[in-house]
**Q** 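Attaching a single structure in structure tokens format; questions to follow.
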2 protein chains.
Amino acid sequence: MTTDRDWSCNDPQKRIEWAAATTEALRVLEGKWKIIILCQLFAAKGPLRFSELERLIEGVNQKMLIQQLKQLEKDDIVRRTVYPQVPPKVIYELTETGFALGPSIAALIDWAEMKRQRTVPTPADCG
Amino acid sequence: MTTDRDWSCNDPQKRIEWAAATTEALRVLEGKWKIIILCQLFAAKGPLRFSELERLIEGVNQKMLIQQLKQLEKDDIVRRTVYPQVPPKVIYELTETGFALGPSIAALIDWAEMKRQRTVPTPADCG
DNA sequence: CAGGATCCGCTTCGATACTG
DNA sequence: CAGTATCGAAGCGGATCCTG
């Protein structure tokens, strides 16, 4: 893991520039559902249909899902493929850039799992 | 890396339950500035003062920074320590749970860096 | 099935001004 | 320095109706 990498910088001005550039790059992940969408796409290990995403992501509605997918597509994180048939079929999958997020997503999923195991079996539940 | 881990599940119902639980766990990272804040705290390899965070995170305003930090504190991701002195000094640092996000954060930073290097030197700039 | 368009209320965000 | 208070702007969420 790269946990021990050193991003700090002796030059305060460069440190701020680095921070600004990082902020800018992460801006494409802004949006309430984007990381969750990416988690599901990554965990699926393959393309997902719109309806599958909708079912996997609890609490999202069509409008928001479409909006966030559009932005991810525009930012070249996911690719949208339309099959010209009736009824229509549209699949979403990670682009190369999106797939490069794999390590982050995997680590996030692991973290979520750990957090869940740590918080679910609370002693308070035993009365 | 855990990129080759298998989170998929043969049982569709369990797959949906897993997705819901993951969504729920990731909810604490919702908010426009949280991941960016965590990136900066992680890259700093130590506590940061409020004013330092403010300087490092371009585009954030005091109100949002305070709000997001408060939520992160409530969710036990960051710890807030007040030094009772004049002028006031408050530091923020990762808790154990927050620090456990290290691998994700590190990978996100790497991704941002890669994305930057890939998109900045665009051939279009050469006319 | 996979959207698109619009309206509406709610929540979040952003800018400025002010406080201990 | 590290916050609060306030207010307008933007984003989110739900409902409804429509297209191919």
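Every chain is numbered from 1, with letters handed out A, B, ... down the list of sequences.
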**Q** side-chain hydrogen bond (donor to acceptor under 3.5 Å, both in side chains) with B/Glu93: which residues, sequence neighbours excluded?
**A** none
**Q** Pairs of donor and acceptor atoms involving the side chains of residues 16-32 of chain A, under 3.5 Å and at least two apart or interchain, shall be tabulated with distances.
**A**
{"unit_1": "A/Trp18", "atom_1": "NE1", "unit_2": "B/Glu113", "atom_2": "OE1", "d": "3.2"}
{"unit_1": "A/Thr22", "atom_1": "OG1", "unit_2": "A/Trp18", "atom_2": "O", "d": "2.9"}
{"unit_1": "A/Thr23", "atom_1": "OG1", "unit_2": "A/Ala19", "atom_2": "O", "d": "2.9"}
{"unit_1": "A/Arg27", "atom_1": "NH1", "unit_2": "A/Glu30", "atom_2": "OE2", "d": "3.1"}

**Q** Rounded to the nearest Å, what distance is computed from the NZ atom of residue B/Lys34 to the C1' atom of nucleotide C/dC13?
**A** 13 Å
**Q** Is A/Arg80 close enough to C/dG3 that one of its side-chain N or O atoms is under 4.0 Å from OP1 or OP2 there?
**A** yes
**Q** In whole Å, what is the span from the CZ atom of B/Arg27 to the C1' atom of C/dT12?
**A** 15 Å
**Q** Measure across A/Leu94 and A/Phe99 and return the closest heavy-atom pair with its distance rounded to 0.1 Å.
**A** CB-N, 3.9 Å
**Q** Between B/Leu53 (CG) and D/dC1 (C1'), how many Å, whole number?
**A** 13 Å
**Q** Is A/Ile91 isolated, or which residues cluster with it under the ILVMFWY side-chain rule of less than 4.5 Å, directly or via members?
**A** A/Tyr83
**Q** Rounded to whole Å, how long is the line connecting atom CD of B/Gln85 with atom P of D/dG3?
**A** 13 Å
**Q** Which letters describe nucleotides 4-20 of chain D, given B = protein heavy atom under 4.0 Å from base, S = only from sugar-phosphate, - = neither?
**A** B-BB----SBB-----B
**Q** Whole angstroms only, please: what is the CG-P distance between B/Leu65 and C/dC13?
**A** 12 Å
**Q** Could you state the atom-to-atom distance from CZ of B/Phe50 to C1' of C/dG20 in whole Å?
**A** 15 Å
**Q** Determine: side-chain N/O of B/Arg49 to OP1/OP2 of D/dA2, distance under 4.0 Å, yes or no.
**A** yes
**Q** What is the nucleic acid contact for A/Tyr92, judged by heavy atoms within less than 4.0 Å: base, sugar-phosphate only, or nothing?
**A** sugar-phosphate
**Q** Mind checking side-chain contact (heavy atoms from CB on, under 4.5 Å) for A/Lys14 and listing every partner two or more places apart, or none if nothing turns up?
**A** A/Cys9, A/Asp11
**Q** Which residue pairs pass the salt bridge (charged side-chain N to carboxylate O under 4.0 Å, His left out) test with at least one member in residues 95-108 of chain A, sequence neighbours excluded?
**A** A/Glu96-B/Arg118
